Amino acid sequence: QVQLVESGGGSVQAGGSLSLSCVVSEDTDMTNCMGWFRQAPGKEREGIAAVTVGSTSIHFADSVKGRFTIARDDAKNAVNLQMNALKPEDTAMYYCAMDRLGTYCYTLAVDALDEWGQGILVNVSS
């Protein structure tokens with residue numbers, strides 16, 4: 001069974017930055033879509049970022065557009081999320097995920113995802 005392992009979360013003050021990393025236990029060079037979603041306490045899961053194989057297309061939710069960047073490195077079976085200008089409302093569990101078909105990369109619909117990690121906490125204080 002494939003495993004996705006996130007790292008890099010933690011606590012930061014508003015306006016700060018964090019970088020999340022994810023390593024996948026299988027080759028990702030044939031996985032059409034890699035991405036991230038998050039879930040804040042008491043809220044629905046929110047798809048926030050996605051990148052296609054070969055990094056030919058990248059999508060962000062409006063809530064993070066202009067502040068977050070995503071990058072995948074298939075040579076390392078990894079996908080990273082750089083988060084800048086963090087806000088208290090970014091506080092959530094963040095999950096690395098994959099969608100072999102690729103739908104998530106165009107819809108950010110969490111239901112399209114095949115696999116995801118255990119999640120990592122990001123806490124942004126005001």
Side-chain angles (χ1 to χ4, degrees):
Q1 183 175 354
V2 63
Q3 290 186 324
L4 296 85
V5 181
E6 302 95 342
S7 61
S11 296
V12 66
Q13 289 191 324
S17 298
L18 280 174
S19 181
L20 303 183
S21 297
C22 173
V23 177
V24 185
S25 63
E26 68 178 32
D27 290 341
T28 59
D29 55 358
M30 296 301 290
T31 300
N32 282 318
C33 185
M34 300 292 300
W36 294 81
F37 70 93
R38 66 186 181 185
Q39 187 167 26
K43 294 190 176 182
E44 299 279 327
R45 296 180 300 174
E46 177 190 17
I48 58 170
V51 55
T52 56
V53 62
S55 302
T56 54
S57 185
I58 292 174
H59 292 87
F60 294 100
D62 288 343
S63 58
V64 305
K65 196 173 295 182
R67 300 186 296 121
F68 290 12
T69 59
I70 187 171
R72 65 187 282 173
D73 184 346
D74 290 324
K76 298 180 179 179
N77 301 326
V79 60
N80 302 317
L81 185 71
Q82 177 65 39
M83 306 182 293
N84 300 323
L86 283 161
K87 306 174 181 179
E89 51 264 43
D90 292 318
T91 295
M93 287 291 291
Y94 283 71
Y95 299 85
C96 170
M98 56 194 294
D99 171 13
R100 294 182 178 87
L101 286 178
T103 305
Y104 181 77
C105 269
Y106 300 98
T107 65
L108 294 180
V110 179
D111 289 346
L113 296 167
D114 298 319
E115 311 280 354
W116 51 90
Q118 293 292 314
I120 195 162
L121 179 64
V122 171
N123 182 58
V124 184
S125 58
S126 57

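Every value quoted in this text rests on a predicted model; they were computed, and no experiment measured them. Just so you know, these numbers use all the heavy atoms, side chains as well, and skip hydrogens, waters and symmetry mates.
Within the model, atoms CG of N77 and CG of D27 stand 5.0 Å from one another, a figure rounded to the nearest 0.5 Å. Annotation: the span from C33 atom SG to L101 atom CG amounts to 10.0 Å, rounded to 0.5 Å. In this structure, E89 CD and S126 OG are separated by 10.0 Å, a value rounded to the nearest 0.5 Å. Rounding to the nearest 0.5 Å gives a distance of 8.5 Å between CD of Q118 and CE of M93. Here the SG atom belonging to C22 is positioned 14.0 Å from the NZ atom belonging to K76, to the nearest 0.5 angstrom.
Heavy atoms of other residues, nucleotides or ligands lying less than 6.0 angstrom from CD of E26 number more than 12.
Using a distance-only test at 3.5 Å, with no hydrogens or angles considered, a donor-acceptor pair links the side chain of D99 to the main chain of G102. Using modelled atom types, no side-chain atom of E46 and backbone atom of R38 make a donor-acceptor pair closer than 3.5 Å. Between the side chain of T52 and the main chain of S57, a donor-acceptor pair closer than 3.5 Å is present. Put simply, the side chain of N32 gets close to the backbone of R100: a donor and an acceptor are under 3.5 Å apart. A donor-acceptor pair under 3.5 Å links the side-chain atoms of H59 to the main chain of C105, judged by distance alone.
Shown here for G117 and Y95, the closest heavy-atom pair between the two residues is O-CD2, 3.4 Å.
Taking 4.0 Å as the cut-off between side-chain N and carboxylate O, D90 and K87 do not count as a salt-bridged pair.
Legend: residues meeting side chain to side chain contact (heavy atoms under 4.5 Å, CB included) with Q82, ordered by chain and number and at least two apart, are S17, S19, T69, N84. The side chain to side chain contact (heavy atoms under 4.5 Å, CB included) search around L108 returns A50, A61, Y104, not counting sequence neighbours.
As a member of the Ile/Leu/Val/Met/Phe/Trp/Tyr network built from side-chain separations under 4.5 Å, V122 groups with V2, L4, V12, L18, L20, V24, M34, W36, I48, V51, I58, F60, V64, F68, I70, V79, L81, M83, L86, Y94, M98, I120, V124.
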TODO: Take V53 and R72, measure what side chain to side chain contact (heavy atoms under 4.5 Å, CB included) needs, and give me the verdict at the end.
DONE: CA-CA 8 Å; V53 62; R72 65 187 282 173; 4.1 Å; yes
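Under the 4.5 Å side-chain heavy-atom criterion for ILVMFWY residues, a single connected hydrophobic cluster contains both F37 and L121.
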